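Reviewing the structure listed below.
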Amino acid sequence: MLSIKNLHVKLEEEDKQILKGVDLEVEAGKVHAIMGPNGSGKSTLSYVLSGKDGYEVTDGSATLEGEDLLDLEPEERAAAGLFLAFQYPVEIPGVGNMTFLRTAVNAQRKARGEEEMSAADFLKVIRAKAKDLKIDADMLKRPVNMGFSGGEKKRNEILQMAMLEPKMCILDETDSGLDVDAMKLVAEGVNALRTEGRGFLVITHYQRLLDHIKPDVVHIMSDGRIIKTGGPELALEVENNGYADILAEVA
Ligand code: ADP
Ligand code: MG
Ligand code: MG
């Protein structure tokens, strides 16, 4: 599904190398987790995959189902089936949440050569999905993320993901700032989307989210590289011992 090879990325503005050769293959139907200390490049990886400005790929490749992602505009990457749930969701004044989602869903459908969703169908679907995530009608009418609490913003990211039905979902620290109940809602939202055809990359600083979203593979990232890959037990090792042991072992 997602194939990253030897990815090297530097900042455009300064001569600072952030990703120093990332290799990663996420198969359809699998959940891969990336953990790692602050500043190791996890968010940078998700930004570069989704096409955010300010980064320069100096080597390597990233493909989605064989299609070169790095060549595409951000909206083309979305249309190809890539979705990123932000670590810091953006507030969009003046744009209603529901209008935003309906526009995004229909743009996505158009890009895939599918018919637009009728207003009635859209309402039915969004109300059901919002209810599952305990997002009330008022939050659907307000401008995107404006005045939402941290937890509400993160749940709104999952609502976007559920509505867009992407092939490859990247969640960047969606658990940070969530209380236990909100985290369970988010995890349930993600688990409901787990299908054979869909891949997930779950970036998290803490192991606790992975109690609820059981990963197939866990990677540890440090200083712009994936330094260790294992099963779910690797997340427990981090929880119990921190990163120091793993960093020392690799060094
Ligand atoms: P993580 O998500 O693992 O905490 P980040 O990808 O946010 O790590 O950051 C990796 C490193 O790159 C950090 O040292 C961070 O300060 C730096 N960095 C990332 N983006 C920028 C930027 N736009 N300007 C300056 N430094 C940046
Ligand atoms: Mg960070
Ligand atoms: Mg980050």
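Since this is a predicted model, take the numbers as computed values, not measurements. Counting starts at 1 for both ligands and their atoms, in listed order.
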Report task. With heavy atoms of Y55 as the reference, note each atom of ligand 1 found under 4.0 Å away. Result -> 20 (N)
Query raised in the report: For the side chain of K154 and the backbone of Q87, is there at least one donor-acceptor N/O pair under 3.5 Å apart?
Result: yes
Report task. Among E67, E65, E27, find the residue that satisfies the salt bridge (charged side-chain N to carboxylate O under 4.0 Å, His left out) test when tested with K167. Result -> E65
Query raised in the report: Can we say E25 and K5 salt-bridge, meaning some charged N sits less than 4.0 Å from an Asp/Glu carboxylate O?
Result: yes
Report task. Answer side chain, backbone, both or neither: which part of L11 comes under 4.0 Å from ligand 1, heavy atoms only. Result -> side chain
**Report entry** Side chain, backbone, both or neither: T44 near ligand 1, heavy atoms under 4.0 Å
**Finding:** both
Report task. Kindly confirm or rule out an N or O of E173 lying under 3.5 angstrom from an N or O of ligand 1. Result -> no
Query raised in the report: What are the two closest heavy atoms between H219 and H32, and how far apart are they?
Result: NE2-ND1, 2.8 Å
Query raised in the report: Got a sec: is S43 within less than 2.8 Å of the Mg ion (ligand 3) via an N/O/S atom?
Result: yes
Query raised in the report: Is R198 reaching over with its side chain to a backbone N or O of M168, donor-acceptor style, under 3.5 angstrom?
Result: no
Query raised in the report: Does even one non-hydrogen atom of G41 get within less than 4.0 Å of ligand 1?
Result: yes
Report summary line: Rounded to the nearest 0.5 angstrom, the CD-OH distance for E12 and Y55 is 10.0 Å
Report task. List every atom of ligand 1 that sits less than 4.0 Å from any heavy atom of N38, numbering the atoms from 1 in the order shown and giving each element. Result -> 4 (O)
Report task. Using 2.8 Å as a strict upper limit, say whether an N, O or S atom of Q87 approaches the Mg ion (ligand 3) that closely. Result -> yes
Report summary line: Tested for side-chain contact (heavy atoms from CB on, under 4.5 Å) against V22, the lone hit among T44, I34, I4 is I4
Query raised in the report: Short list, please: which atoms of ligand 1 are under 4.0 Å from a heavy atom of S43?
Result: 1 (P), 2 (O), 6 (O), 7 (O)
Report task. Apply side-chain hydrogen bond (donor to acceptor under 3.5 Å, both in side chains) to the pair N145 and N156, showing each step before the final yes or no. Result -> CA-CA 8 Å; N145 289 325; N156 202 40; 3.3 Å; yes
Query raised in the report: What heavy-atom pair brings L185 and D132 nearest, and what distance separates the two atoms?
Result: CD2-O, 3.6 Å
Query raised in the report: Considering only heavy atoms, which of K42, Q87, K52 lies nearest to atom 3 (O) of ligand 1?
Result: K42
**Report entry** Distance filter under 4.0 Å to I18 heavy atoms, resulting ligand 1 atoms
**Finding:** 10 (C), 11 (C), 12 (O), 17 (C), 18 (N), 19 (C)
**Report entry** Atoms in ligand 1 flagged as close to K16, the criterion being non-hydrogen separation under 4.0 Å
**Finding:** 14 (O), 16 (O), 17 (C)
Query raised in the report: Of all the heavy atoms in G36, does at least one lie under 4.0 Å from an atom in ligand 1?
Result: no
